[in-house]
Amino acid sequence: MLTLASKLKREEGVRAGRTSAGSNEASHRVSIRDRLLIKDVSELEANLPNTCKVTFPDENKLCHFQLAVSPDEGYYLGGKFQFEIEVPEAYNMVPPRVKCLTRIWHPNIAETGEICLSLLREHSIDGTGWAPTRTLKDVVWGLNSLFTDLLNFDDPLNIDAAEHHLRDKEDFRNKVQDFIKNYAR
């Protein structure tokens, strides 16, 4: 992260010595995103839930990172679930793109990795979708909460998992544990 911050300072110095006609709007947008990311990542690291771990495959690219969630209660206790988070250039006007990399039996996460979490929606009917005031901390806490208080069987993405829970909670728990044993260790 410090490397990216120092890179941004160098870019500012170069820009200050350049005429405005030579500036490039696209690089300016990336620069704004990167400045927001430096602040957001610092806030995130200071407020990370104890069930989460963030890793940056390339510390110079704060716009791409992975999140591991290891729930300490509920159906998903004992599993370790990997998410990939990509922050688009238009951040913070649009939400990060998130995909679950771990196969999971979950009503709000499809087996293909798509996630149903209102704060990741650009436009939400209930008003709880993405807003420019949200941060990466909100995204991580929301993903972490999908395993506890935001676990929603009433508005599922994976309808089969939700119906399975409705039919037989104990068999649902067993299938979740099978998925953890096979895919989430």
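The two residues Asn108 and Asp155 come nearest to each other via the heavy atoms ND2-O, 3.6 Å. Residue Pro132 comes nearest to Asn92 through the heavy atom pair O-ND2, 2.9 Å, listed as atom of the first residue, atom of the second, then distance. Nearest heavy atoms, Phe65 versus Thr55: CB-O, 3.3 Å. Listed here is the closest heavy atom pair of Phe56 and Lys61: CD2-O, 4.0 Å. When all heavy atoms of Val94 and Pro88 are compared, the closest pair comes out as CG2-CG, 3.4 Å. Closest approach of Cys100 and Ile115 over heavy atoms only: N-CD1, 3.8 Å.
Contact of the Ile38 side chain with the Leu62 side chain is registered, since non-hydrogen atoms from C-beta on lie closer than 4.5 Å. Looking at heavy atoms from C-beta onward, Leu37 lies in side-chain contact with Leu136 at the 4.5 angstrom threshold. Glu45 has its side chain out of reach of Val54: every pair of non-hydrogen atoms, C-beta onward, lies at least 4.5 Å apart. Side-chain atoms of Tyr76 and Val69, non-hydrogen and from C-beta on, never get closer than 4.5 Å to each other. Glu122 places a side-chain heavy atom less than 4.5 Å from the side chain of Pro95. Counting only heavy atoms from C-beta outward, the side chains of Asn158 and Trp105 approach each other to under 4.5 Å. Under the 4.5 Å side-chain criterion, counting only non-hydrogen atoms from C-beta, Val139 is in contact with Trp130. Glu163 is not listed as a side-chain neighbour of Pro107, based on a closest heavy-atom distance of 4.5 Å or more.
With sequence neighbours excluded, no residue forms a salt bridge (charged side-chain N to carboxylate O under 4.0 Å, His left out) with Glu86. Partners of Arg103 according to the side chain to side chain donor-acceptor pair (under 3.5 Å) rule, which considers only residues two or more places apart in sequence or in another chain, are Glu111, Tyr183.
Under a hydrophobic clustering in which Ile, Leu, Val, Met, Phe, Trp and Tyr are joined whenever their side-chain heavy atoms come within less than 4.5 Å, directly or via other members, Phe153 and Leu143 fall into the same cluster. No single ILVMFWY cluster, assembled from side-chain heavy atoms under 4.5 Å apart, contains both Val41 and Trp141. There is no path of hydrophobic side-chain contacts, each under 4.5 Å, that joins Leu101 to Ile109. In this structure, Phe172 is not a member of the same hydrophobic cluster as Leu157, with clusters built from ILVMFWY side-chain heavy atoms closer than 4.5 Å. Cluster membership for Leu44 and Leu119, using ILVMFWY side-chain heavy atoms within less than 4.5 angstrom, is shared.
Distance check, rounded to the nearest 0.5 Å: CG of Asn152 to CG of Leu117 gives 10.5 Å. Going from atom CD of Glu170 over to atom NE2 of His165 covers 10.5 Å, rounded to the nearest 0.5 Å. Of the inter-residue distances, the one linking Thr102 atom OG1 with Asn182 atom CG reads 12.5 Å to the nearest 0.5 angstrom. Taking OG1 of Thr148 as the reference point, atom CG of Leu150 lies at 6.5 Å (rounded to 0.5 Å). Considering CD of Glu89 and CG of Asp34, their distance stands at 9.0 Å, rounded to 0.5 Å. The SG atom of Cys52 sits 12.0 Å away from atom CG of Asn47, with the distance rounded to the nearest 0.5 Å.
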Scan the side chains in residues 78-85 for donor-acceptor partners under 3.5 Å anywhere in the protein, sequence neighbours excluded, and list what turns up.
from	atom 1	to	atom 2	distance (Å)
Glu84	OE2	His64	NE2	3.2

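Side chains of Asp72 and Thr51: a donor-acceptor N/O pair is absent below 3.5 angstrom, by distance only.
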